[in-house]
Chemist: 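One structure coming up, written as structure tokens, with questions to follow.
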Amino acid sequence: MEIASKYDPRSVEEKWYQFWLDKKLFHSEPDNRAPYTIVIPPPNVTGVLHMGHMLNNTIQDVLVRRARMLGKNACWVPGTDHAPIATEAKVVKMLAEKGIDKRSLSREEFLKHAWEWKEQYGGIILKQLRKLGASCDWDRTAFTMDPIRYESVMRVFVDLYNKGLIYRGVRMVNWDPQALTAVSDEEVIYKESHSKLFYLRYFIENEDKYIVVATTRPETILGDTAVCVHPEDERYQWLKGKKVVVPGVGRVVPIIMDEYVDREFGTGALKITPAHDINDYNLGMKYGLESIDIFNDNGTLNEKGGKYAGMDRFACRKQIMKDLEEAGLVEKTEDYTNKVGHSERTDAVIEPKLSAQWFLKMDDMAKRALEVVENDTIKFHPAKFKNTYRHWLENIKDWCISRQLWWGHRIPAWYIDVNGKVETIVALNEEEAKKIAAEKYNYTGELRQDEDVLDTWFSSWLWPISLFDGIRNPDNPEIKYYYPTADLITAPDIIFFWIARMIMAGEEFRDEIPFHNVYFTGIVRDKLGRKMSKQLGNSPDPIELMEKYGADGVRMGMLLTAPAGNDLPFDEAICEQGRNFSNKIWNALRLVMGWQISSESEISVESGKNNEVAVQWMEQRMACVLEEIEHDFDEYRLSEALMASYKLVWDDFCSWYLEMVKPAYGTPIDRETYDATISIFSRLMCILHPFMPFVTEEIWHVLTNIGKSDEQAEFVNANYSIMNQHMPRSVFFDQRMLDDFDTAREVIAGVRNIRNTRNISPKEALEVRYMAGDRRFNIGSFEGIIRKLANVSKIEAVNEKAEGALSFMIGTTECFVPMSQNIDVEAELKKLQDELKYAEGFLAAVMKKLSNEKFVNGAPAQVVETERKKQSDAETKIAALKAQIAALQK
RNA sequence: GGGAGUAUAGCUCAGCUGGUUCAGAGCGCCUGCCUUACAAGCAGGAGGUCACUGGUUCGAACCCUGUUACUCCCACCA
């Protein structure tokens, strides 16, 4: 069988992914196995795969594939989020390209376009996930606005409304005057900007005195309804109970006193505009001030702006300053640097604006959600995020769930006019609402539905439940089987919006947690530690990376440097390591496939015995590392589990085991060793499979088909997958054998080192002698292995040092390699003297400890015993070194 | 302004309950090798005052005090 010397991921990856799909190996149905469920953090339906997704979904895939191989019924449910803001923006842009202005469309027309866009272009990201190998159950693909999820949201809204937890209230929102919508706090970008601080004169009513107030937004004085100073401010005590005249406006407003004011800032006097600043709004509420909204939705001044009506807010700022200047009402103007909120979407300066919104009460839900995390019913990995979580829940505010958009779950509230009063009806749909209107109010006229849609998180907080239809059919077999889910993998930036709220929803609607573990990934950054962003152009395209290094290579590269919760400075070079590893395994396969198998008579007794030892050792080693890997997975230390697997394959299997059993060129290998090697190799592929699904599937098939007829092989290829194999588990292993090998390995390294420094060809056989007598120097059954790997013709214990030999120490035992040529005495002496110096220093430190009475009396007996042993070892070693030096100096 | 976290080799990180020759790994770097699986490789090697300070302890990378630097989250000053 001809195998290329370089592994080519491209054809392999496509082939196997299609195979997995065809065989429905990702599909899950409830059965009598234990479930293992992960729900995907639904990416935006507008999204394209970026490095963050790559990391997040690789981790999920590793966990899911491993669970599957551990015999669990693994189910990873994919889907997308309707992403109101991003989608509306996309659709508006698409319409604009077609020459259609959104404002010319009705809501229904717009939504029709939006759905068309979604069907045609949405969800590209799910296709891209296949390239990376994601083993999602695609039959279950969901969308936060598909019929089941939509109805779930409606039911939840009605339910919470009926429980009295949802209410309508007035709140200040971040208004984008360009997009004509409210945006969430998260969509406001604060940018440093060079502004001016204007000092304006507010005259006292009917007096000739004035106070100076500093502001960055003089246009808002049109909406001023008070001036505020600190109650303990000495400078302003005389103002108590007085009124001032708003400059240029003429309105008389009260002086109020509140500790909110920072006496140090500006003049210590603050103008209050309740309609246009959140803090002013709060003060306004506290003191019952009038609230004057002076802006239109598009950021121009409304009729309250008097002569400035119709002007843009920034033009107005200039004009009003000019007018005030002329009227002598400006004290001074200073340069000032502050942070101004801009809309993430349009970059327009955000205008705080009062409006009616829907809210969900959080108090009780927050309490329960906090409790299950505090008592570790839900575990966070890493645990440090518990602090962040607690801090937020303890200071939580009611959740504003309405958004002024069209694309989303429209709020199921209808308004009717009954006897001149507006009544609100909340119902699942218009039909229901009509019924209620008729029954409750005897009303049969038109119903007016609320214009707003729900916050996107109001649908995704139900995700782990609604994916299994657990809201509409709370007792269906699926929700009972798959819920609660096992692990949730997410970036920490949505801990509040999503994680906390899913926990609330779980408790509220299922009376149960939604998942047992939360794994927080880091944020993918560039080499310089900057966040990946479109603006910087520092984000590599994951698809291109996978084409370059293979999906396995990129998966491995990402995981190697991504411990939970740590940001990961991504350097494309780490994908090389992954690619190289694929290639390494590939070449191990080439080696093994090239072996000829022979009848036993052709095999020498020695190599037969060596091979037996090698196989035994590799089995012990595997069991030992498996224990480590299992432990790492228990602790969610994926990068360490991967590193342990990597070293097991590369170092133990390739560098040591294969070298041990590798037959000399042109000679065959015995059947037993060959079969054992294939078995070990196959199991190693299973261990690696969760990390590197493609290359392992490919190699596993080749290995499985060894010795099979074409027909049999075809059957295997068509019906079997590594995905369905059992993950090897750790078993009891012989630690002594592993220790013996470590000693043997040191001997081999010692000899190789001598070859290296002395420039001795690997082909020239050497001899090794070691000082007899130390029972801790034990190479067990590895003598033959040493001979083979270090090309040593003879190993023997001696009582005296040989003349003209190079030496090295293993523990307290001296080893010698006799030299036919003269040795460099100077160099050898220096080496020995350095070693002696270190040993003497070490002994001194040990003696210091042992001569300390407090240590001998205070420390546990075992620790003292260890120190004594160190002492005697060091003394032995020093004596040996001194003897060697003396011998050389002769 | 409030809160949290981090600081160990050139880089990215382990180091679990304070105690084994405990100062580790991978990558990178250096030296020598195209040795019939692999140069995407093989063999060997060098690299660290565990940020700084003081303390607790027989004993500290690890626990405590303080300092410095960086990161993140929350709230934001008119």
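By convention in this document, chain letters (A, B, ...) are assigned in the order of the sequence lines, proteins followed by strands, and residues within each chain are numbered from 1.
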Chemist: Would you indicate which nucleotide in B/G41, B/A78, B/A39 comes nearest to any side-chain atom of A/Lys6?
Modeler: B/A39

Chemist: Looking only at heavy atoms, what is the nearest atom pair of A/Thr521 and A/Ala491, with distance?
Modeler: OG1-CA, 3.6 Å

Chemist: Searching all strands shown, indicate the nucleotide that pairs with B/C72 (Watson-Crick or G-U wobble; both distances under 3.5 Å).
Modeler: B/G3

Chemist: Choose from B/A37, B/A43, B/U20 the nucleotide whose nearest atom is closest to any side-chain atom of A/Arg752.
Modeler: B/A43

Chemist: Where each residue is assigned the nucleotide of RNA chain B containing its nearest heavy atom, which of A/Glu640 and A/Tyr336 is assigned the position nearer the 5′ end?
Modeler: A/Glu640

Chemist: With C1' as the reference atom in both, quote the distance from B/C11 to B/G47 in angstrom, rounded to an integer.
Modeler: 13 Å

Chemist: Can we say A/Arg745 and A/Asp742 salt-bridge, meaning some charged N sits less than 4.0 Å from an Asp/Glu carboxylate O?
Modeler: yes

Chemist: Where the side chain of A/Arg579 is concerned, which of B/A40, B/G41, B/C16 is the nearest nucleotide?
Modeler: B/A40

Chemist: Taking the C1' atom in each of B/G48 and B/C22, what is the distance between them to the nearest angstrom?
Modeler: 13 Å

Chemist: Which one, B/U20, B/C77, B/U71, comes nearest to the side chain of A/Arg525?
Modeler: B/U71

Chemist: Taking the side chain as every heavy atom from C-beta outward, state whether A/Phe581 and A/Val649 have any atom pair closer than 4.5 Å.
Modeler: yes

Chemist: Now, which nucleotide makes the Watson-Crick or G-U wobble pair with B/A61, with each of the two distances under 3.5 Å?
Modeler: none

Chemist: Check the phosphate of B/A37 against A/Lys662, side-chain N and O only, distance under 4.0 Å to OP1 or OP2. Yes or no?
Modeler: yes

Chemist: Could you please name the partner base of B/U67, counting Watson-Crick and G-U wobble pairs only when both distances are under 3.5 Å?
Modeler: B/A51

Chemist: Determine which nucleotide pairs with B/U20, using a 3.5 Å limit on both distances of a Watson-Crick or G-U wobble pair.
Modeler: none

Chemist: Using O4'-C1'-N9-C4 for purines and O4'-C1'-N1-C2 for pyrimidines, with syn meaning within 90° of 0, is B/G28 syn or anti?
Modeler: anti

Chemist: Please name the nucleotide paired to B/C29 by Watson-Crick or G-U wobble geometry with both distances under 3.5 Å, or report none.
Modeler: B/G45

Chemist: Under 4.0 Å between any heavy atoms, over every strand shown, what does A/Glu659 touch: base, sugar-phosphate, or nothing? Just pick one.
Modeler: base

Chemist: If you look at every strand shown and take non-hydrogen atoms under 4.0 Å, does A/Asp493 touch a base, only sugar-phosphate, or nothing?
Modeler: nothing

Chemist: Using a 4.0 Å heavy-atom cut-off to protein, can you give one letter per nucleotide of nucleotides 1-6 of chain B, 5' to 3': B if the base is in contact, S if only the sugar-phosphate is, - if neither?
Modeler: ---SS-

Chemist: Check whether any side-chain heavy atom of A/Ile785 lies under 4.5 Å from a side-chain heavy atom of A/Trp656, and answer yes or no.
Modeler: no

Chemist: When the P atoms of B/C50 and B/A61 are considered, how many whole Å apart are they?
Modeler: 8 Å

Chemist: On a whole-Å scale, what distance lies between the C1' atoms belonging to B/G26 and B/A9?
Modeler: 12 Å

Chemist: Expressed in whole Å, how much space separates the C1' atoms belonging to B/G3 and B/A46?
Modeler: 44 Å

Chemist: Is a salt bridge present between A/Glu351 and A/Arg313, judged by a nitrogen-to-oxygen distance below 4.0 Å?
Modeler: yes

Chemist: Going by the side-chain contact (heavy atoms from CB on, under 4.5 Å) test, name the single residue among A/Asp651, A/Ile680, A/Asp652 that passes it with A/Tyr657.
Modeler: A/Ile680

Chemist: If you measure from the Lys or Arg side-chain nitrogens to the Asp or Glu carboxylate oxygens, is any gap between A/Glu374 and A/Arg390 under 4.0 Å?
Modeler: yes

Chemist: Consider ring-ring contact (aromatic ring centres under 6.0 Å, His included). Of A/Tyr636, A/Tyr389, A/Phe380, A/Trp498, which one does A/Phe520 pass it with?
Modeler: A/Phe380

Chemist: Taking the minimum atom-to-atom distance to the side chain of A/Asn753, which one of B/G44, B/C76, B/A78 wins?
Modeler: B/G44

Chemist: Are there any protein N/O atoms within less than 3.5 Å of an N/O atom in nucleotides 26-33 of chain B, and if so, which ones and at what distance?
Modeler:
residue : atom : partner  : partner atom : Å
B/G26   : O2'  : A/Gln577 : NE2          : 2.7
B/C27   : OP1  : A/Tyr646 : OH           : 3.4

Chemist: Regarding A/Ser5, tell me which of base, sugar-phosphate or nothing describes its non-hydrogen contacts under 4.0 Å with the strands shown.
Modeler: nothing

Chemist: Nearest nucleotide by nearest heavy atom, which residue falls closer to the 5' end of RNA chain B, A/Leu589 or A/Ile748?
Modeler: A/Leu589

Chemist: The side chain of A/Lys584 is closest to which nucleotide in this list: B/G44, B/A78, B/A37?
Modeler: B/A37

Chemist: Are A/Glu635 and A/Arg637 within salt-bridge range, i.e. N to O under 4.0 Å?
Modeler: no

Chemist: Contact class for A/Asp280 (heavy atom, under 4.0 Å): base, sugar-phosphate, or nothing?
Modeler: nothing

Chemist: Tell me what A/Arg637 touches on the nucleic acid: a base, only sugar-phosphate, or nothing, going by heavy atoms under 4.0 Å.
Modeler: sugar-phosphate

Chemist: Does NZ or CZ of A/Lys332 lie under 6.0 Å from the centre of the six-membered ring of A/Tyr199, at an angle within 45° of the ring axis?
Modeler: yes

